[in-house]
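Residue numbers begin at 1 in each chain, while the letters A, B, ... track the order of the sequences.
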Amino acid sequence: MSEEQSIRELRLEKLARLRELGHDPFAIERFTLTDTADGLLKRFSELGGDDEDVSLKPEVRFAGRIVSMRFMGKAAFAHISDGDGKIQGYFRKDDIGEYLWEVLNLMDIGDHIGVSGYLFTTRTGEKSIHVRTLDPLSKSLQVLPMGKEKDGHHWYGLEDVELRYRHRHLDLVCNPEARKLLLDRSRIVSAVRRFFDGRGYLEVETPLLQLEAGGAAARTFSTHYNAYDVDVKLRISLELYLKRIICGDVPKVYEIGRVFRNEGVSNRHNPEFTLLEWYEAYSNLEDVMTTVEDLCRFVVEDMNKSSGSTTSSSGVDFSKPWHRVDLLTEIERHTKLTADDLSTLDKAKRALGDREIVNPATGKRIHATDEAHLGGLIEKLLEVFIEPTLQEPTFVVGYPIETSPLAKKDPKRPGFTRRFEAYVLGRELGNAFSEINDPIDQRERFEQQVRERAKGDAEAHPMDEDFLFALEGGMPPTGGCGIGIDRLVMLLTGAEHLREILLFPMMKPGR
RNA sequence: GAGCCGGUAGCUCAGUCGGUAGAGCAACGCCCUUUUAAGGCGUGGGUCCUGGGUUCGAGUCCCAGCCGGCUCACCA
């Protein structure tokens, strides 16, 4: 018999005894709490914690998980956690009586318990609850890897990354830092919603299952729609449906939703990730930049409500306007390749000497000859030479037309579009266009993409006649932007690994 | 997909030259009515990731596989 089974059996025996005593923890549905643990500690004086006369102290009630327990003969101490905070309970056999004393002795670390009593300060100065009655509220049949903690130091906690990802509830219970990151994600998403709601944008939901997944360049996940007996794909972006809504004269819309790209997994990539996209009619690319600046400042201030700071956990100050740079100008600055060098693919390859080029700072290398068109080469140069330099919040403006099939042409620069990408700490955070509203232009762009696809580019955009039909009905000039929520959360929390901000990262079947 | 590293008690980890598996915490028993990484005494607990191989003998060496981490590639 393994120890795990024997512990489980021991705990089942304790559960049976609790039931015999009329304290079946799983039979109870409600326990009314005076306050959270942090609330009780904060309102300690107000709730009679400092009063001399015990008989006059008000009753406080608290419930949570037992996270530590120290029995001392006929008294005991236990820390009870509500997840966000914890408070110590002090139990005396003489105060709770022989009957509840046995109940207490049947409780284990990991069980939920409700207590009532009064607030007081122990001899060692810890604000605690002097317990008068208690109710078991759940029985844990497993040993939780709770560890020990003092002054912010942890011992013997749950370190195994695989276990933390596969059984995230253990991580939430046992690792306060991990818990904070994961919950901060929800707070950030909530702040994003409040930002757009407060500015009159309408939140909408668009289909996840699509006949043709468009709006981005990515490989797809496929499934089958039984009712119509058609193969469908999981969406790779929100864009084309949101712009249909703009065509329907809803001038300010946004969506926060999961998209699926059947690609590699890394610290900064997950096949399913959360995308924020918003579209605003009658606004241009510069307006979108301002919205990005306002959004980031709003969310960071919301995160730092207590201090009012505009600096994120990652050390980026969002109070200042972002840098605005031109893509080709930056490339020339860092590679000495001029706009003329980059005017055709052949010229560019010649300028690069038709050989691999290496960024001396990062060691990254690219092969100019691998690129099928000029736009691809220019974006490669951006990735290798420019991205690492974009530490402060920066908008890079002016992308090549070949890689921007949904962005308006720049009337002043043939071959380039009205598009920017937002960079912070060397990572791309978002992508924005002045949206194409000319259905003839959009059709030509799709046709170009279809030709790329025929040449073997599996990620080229598909033709979307239904979207073109909507454009032909008339779309106002519109600015739009997409921001990877996961990236935004990493940026604002300082998390280095994507999986640290995903509650349930995908894991191969294993242990 | 490639390279490197890892997988030993519930958790965190040792394990020498190949010689019958160790610690702390957790658990269990006893003592202790203001402790807090409580303390003292005692006890139990192992598919050493899996499957082969070498060997008198494998946690340890070899091969294959599984899962994870890191880096790279694709990508946001």
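Nucleotides B:A2 and B:A73, compared at atom C1', are 8 Å apart to the nearest Å. Spacing of C1' atoms, B:A21 relative to B:A64, comes out at 27 Å, to the nearest Å. Taking atom C1' in both B:G18 and B:G59, the straight-line distance is 10 Å, to the nearest Å. Distance check on atom C1': B:A58 versus B:U20 gives 12 Å, rounded to whole Å. For the C1' atom pair drawn from B:A26 and B:C67, the interatomic distance equals 26 Å after rounding to whole Å.
Closest-nucleotide positions on RNA chain B for A:Glu263 and A:Met507 were compared, and the one nearer the 5' end corresponds to A:Met507. Residues A:Tyr156 and A:Thr121 each lie close to RNA chain B; by heavy-atom proximity, the contact nearer the 5' end of the strand is made by A:Tyr156.
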For nucleotides 38-43 of chain B, list the nitrogen or oxygen atoms of the protein found under 3.5 Å from its nitrogen or oxygen atoms, one pair per line.
unit_1	atom_1	unit_2	atom_2	d
B:A38	OP1	A:Lys148	NZ	2.1
B:A38	N6	A:Phe71	O	3.0

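As rounded to whole Å, 17 Å separates atom P of B:A9 from atom CD of A:Gln142. Following rounding to the nearest Å, A:Leu158 (CG) and B:G10 (P) show an atom-to-atom distance of 14 Å. Rounded to an integer number of Å, the gap from CD1 of A:Ile7 to P of B:C25 is 15 Å. Here B:A76 presents its C1' atom at 11 Å from CZ of A:Arg419, a figure rounded to the nearest Å. Computed from coordinates, the A:Arg92 CZ to B:U34 P distance equals 8 Å when rounded to whole Å. Atom NE2 in A:His79 sits about 9 Å away from atom C1' in B:U35, given to the nearest Å. Taking atom CG on A:Leu170 and atom P on B:U12, their separation rounds to 11 Å, with Å as the unit. To the nearest angstrom, P of B:C67 lies 17 Å from OH of A:Tyr165.
OP1 or OP2 of B:U35 has not a single side-chain nitrogen or oxygen of A:Lys150 nearer than 4.0 Å. Put simply, A:His497 has a side-chain N or O that comes within less than 4.0 Å of OP1 or OP2 on B:C70. OP1 or OP2 of B:C28 has at least one side-chain nitrogen or oxygen of A:Lys14 nearer than 4.0 Å. Residue A:Arg164 places none of its side-chain N or O atoms closer than 4.0 Å to OP1 or OP2 of B:G68. For A:Asn267, no side-chain nitrogen or oxygen approaches OP1 or OP2 of B:C72 to under 4.0 Å. Put simply, A:Arg499 has a side-chain N or O that comes within less than 4.0 Å of OP1 or OP2 on B:G69.
Candidate nucleotides B:G68, B:U34, B:C11 were compared by shortest atom distance to the side chain of A:Pro145, and B:C11 ranks first. Between B:A76, B:C28, B:C11, one nucleotide has an atom nearer to the side chain of A:Arg261 than all others, and that is B:A76. In the set B:A27, B:U34, B:C74, B:U34 carries the atom at the smallest distance from any side-chain atom of A:Thr122. Minimum atom distance to the side chain of A:Ile109 is reached by B:A27, of the listed B:U34, B:A27, B:U12. Checking B:U12, B:G69, B:U33 against every side-chain atom of A:Val161, the shortest atom distance belongs to B:G69. Of the candidate nucleotides B:G24, B:A76, B:G69, B:A76 has the atom nearest to the side chain of A:Phe273. Considering only side-chain atoms of A:Trp155, the nucleotide from B:G68, B:A37, B:U12 that sits closest is B:A37. Ranking B:U35, B:C11, B:U34 by closeness to the A:Tyr90 side chain, first place goes to B:U34.
When heavy atoms are screened at a 4.0 angstrom cut-off, A:Asp108 is found touching the sugar-phosphate backbone but no base atom. Residue A:Gly157 is classed as a sugar-phosphate contact, given heavy-atom separations below 4.0 Å to backbone atoms only. Contacts of A:Glu126 with the nucleic acid, taken as non-hydrogen atoms under 4.0 Å apart, include base atoms. If you check every strand for non-hydrogen atoms under 4.0 Å, A:Gly264 touches a base.
In terms of the ring-ring contact (aromatic ring centres under 6.0 Å, His included) criterion, residue partners of A:Tyr99 (sequence neighbours excluded) are, by chain and number, A:His23. With sequence neighbours left out, the side chain to side chain donor-acceptor pair (under 3.5 Å) criterion links A:Ser140 to no other residue.
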Kindly indicate, with the supporting measurements, whether the criterion ring pair (Phe, Tyr, Trp, His ring centres under 6.0 Å) is fulfilled by A:Tyr279 and A:Tyr254.
CA-CA 6 Å; A:Tyr279 293 84; A:Tyr254 77 99; over 10 Å; no
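Across every non-hydrogen atom of A:Cys174 and A:Pro145, the tightest pair is SG-O, 3.4 Å. The shortest non-hydrogen separation linking A:Phe504 to A:Arg168 is CE2-CB, 3.7 Å.
Residue A:Gln88 places a side-chain atom within donor-acceptor reach of the base of B:U35, judged by atom type and a 3.5 Å distance cut-off alone.
Side chains of A:Arg445 and A:Thr417: no donor on one and acceptor on the other come within 3.5 Å. There is no side-chain donor-acceptor pair under 3.5 Å between A:Asp38 and A:Thr36. Side-chain atoms of A:Thr206 and A:Arg235 form a donor-acceptor pair, as typed in the model, at a separation below 3.5 Å. Using modelled atom types, one finds a donor on one side chain and an acceptor on the other under 3.5 Å when comparing A:His79 with A:Glu126.
For B:C25, the paired base is B:G10 (Watson-Crick or G-U wobble, both distances below 3.5 Å). Searching all strands for a Watson-Crick or G-U wobble partner of B:C56 with both distances below 3.5 Å returns B:G19. With a 3.5 Å ceiling on both atom-pair distances, the Watson-Crick or G-U wobble partner of B:G51 is B:C63. As the counterpart of B:G1, B:C72 is assigned, both hydrogen-bonding distances of the Watson-Crick or G-U wobble pattern falling under 3.5 Å. Pairing of B:A38, defined by two Watson-Crick or G-U wobble distances under 3.5 Å, is not identified with any nucleotide.
Both the sub-6.0 Å distance and the 45° axial angle are not jointly satisfied by A:Arg324 relative to the ring of A:Phe395.
Here A:Phe91 and A:Phe71 keep their ring centres 6.0 angstrom or further from each other.
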